[in-house]
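Remarks on the structure that follows.
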Amino acid sequence: MENTHFSEWKNEVKPAVQSKKEEFHYLGYESVTEEEIWECVQSKLKKKKVEPRLYALVDTILALSLNDFMTWLTIRSYKDEGLTQE
């Protein structure tokens with residue numbers, strides 16, 4: 001399901017994404033980027049297969065745990081690795 005709201009809301013939720021990035025940096029994960037956080041949140045919401053609301057997007061960003069983010073990052077790296085080996 002492709003949702004155009006994500007791209008429309010990206011600038012509106014940028015402060016929440018920046019805040020989450022700063023939180024991860026404070027915890028010692030200084031290589032985390034805003035774009036990675038944004039992709040992770042989009043991935044989580046697309047799995048729900050419902051029309052997201054702006055407040056749900058902000059809630060998902062602020063509630064994103066480091067563990068969930070690192071799990072998503074690991075799975076993404078395995079998928080990327082699988083594509084390059086074929």
Side-chain angles (χ1 to χ4, degrees):
M1 174 178 99
E2 187 62 34
N3 193 311
T4 59
H5 290 302
F6 287 123
S7 59
E8 294 171 8
W9 291 337
K10 187 173 183 177
N11 287 331
E12 290 184 52
V13 299
K14 189 172 178 101
V17 174
Q18 289 173 332
S19 175
K20 187 54 65 172
K21 180 187 81 168
E22 290 170 5
E23 176 186 332
F24 289 169
H25 285 194
Y26 179 75
L27 294 171
Y29 294 87
E30 295 182 11
S31 64
V32 175
T33 66
E34 290 178 20
E35 193 58 36
E36 289 173 328
I37 293 171
W38 179 246
E39 289 175 27
C40 177
V41 169
Q42 282 183 312
S43 172
K44 287 183 77 158
L45 288 176
K46 285 179 182 178
K47 286 180 184 177
K48 293 183 180 181
K49 297 184 181 178
V50 295
E51 185 71 20
R53 305 273 188 219
L54 181 58
Y55 69 86
L57 178 58
V58 172
D59 181 59
T60 303
I61 293 167
L62 296 177
L64 182 64
S65 71
L66 185 58
N67 186 44
D68 287 343
F69 177 75
M70 295 308 257
T71 299
W72 171 83
L73 199 60
T74 302
I75 291 170
R76 186 181 80 163
S77 71
Y78 284 142
K79 285 181 180 179
D80 290 347
E81 185 178 293
L83 291 175
T84 58
Q85 288 182 352
E86 293 177 354

* M70 reachable from L27 in the ILVMFWY side-chain graph, under 4.5 Å edges ->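 They do share one cluster, since a chain of ILVMFWY contacts under 4.5 Å joins L27 to M70.
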
* Within one Ile-Leu-Val-Met-Phe-Trp-Tyr cluster: I37 and I75, side-chain cutoff 4.5 Å ->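 No: no chain of side-chain contacts under 4.5 Å links I37 to I75.
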
* To do: Report yes if some heavy atom in the side chain of L57 is under 4.5 Å from a heavy atom in the side chain of E12; otherwise report no.
  =>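 They are not in side-chain contact.
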
* **Non-hydrogen side-chain atoms of V58 and W9 separated by less than 4.5 Å** =>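 Answer no - side chains too far apart.
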
* Neighbour count >12 (heavy atoms, 6.0 Å) for atom CZ, R76 ->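 Buried by this count: over 12 neighbours within 6.0 Å.
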
Taking atom [atom1] of [X] and atom [atom2] of [Y], what is their separation to the nearest 0.5 Å?
X   : Y   : atom1 : atom2 : value
K20 : L66 : NZ    : CG    : 9.0 Å
K14 : S19 : NZ    : OG    : 13.5 Å
E23 : Y29 : CD    : OH    : 12.0 Å
K10 : Q42 : NZ    : CD    : 7.5 Å
I61 : K21 : CD1   : NZ    : 13.5 Å
S43 : W38 : OG    : CH2   : 12.5 Å

Nearest heavy atoms of [X] and [Y], plus distance in Å:
X   : Y   : value
L73 : E36 : CD1-OE2, 4.0 Å
H25 : E30 : NE2-O, 3.2 Å
K44 : L64 : CD-CD1, 4.1 Å

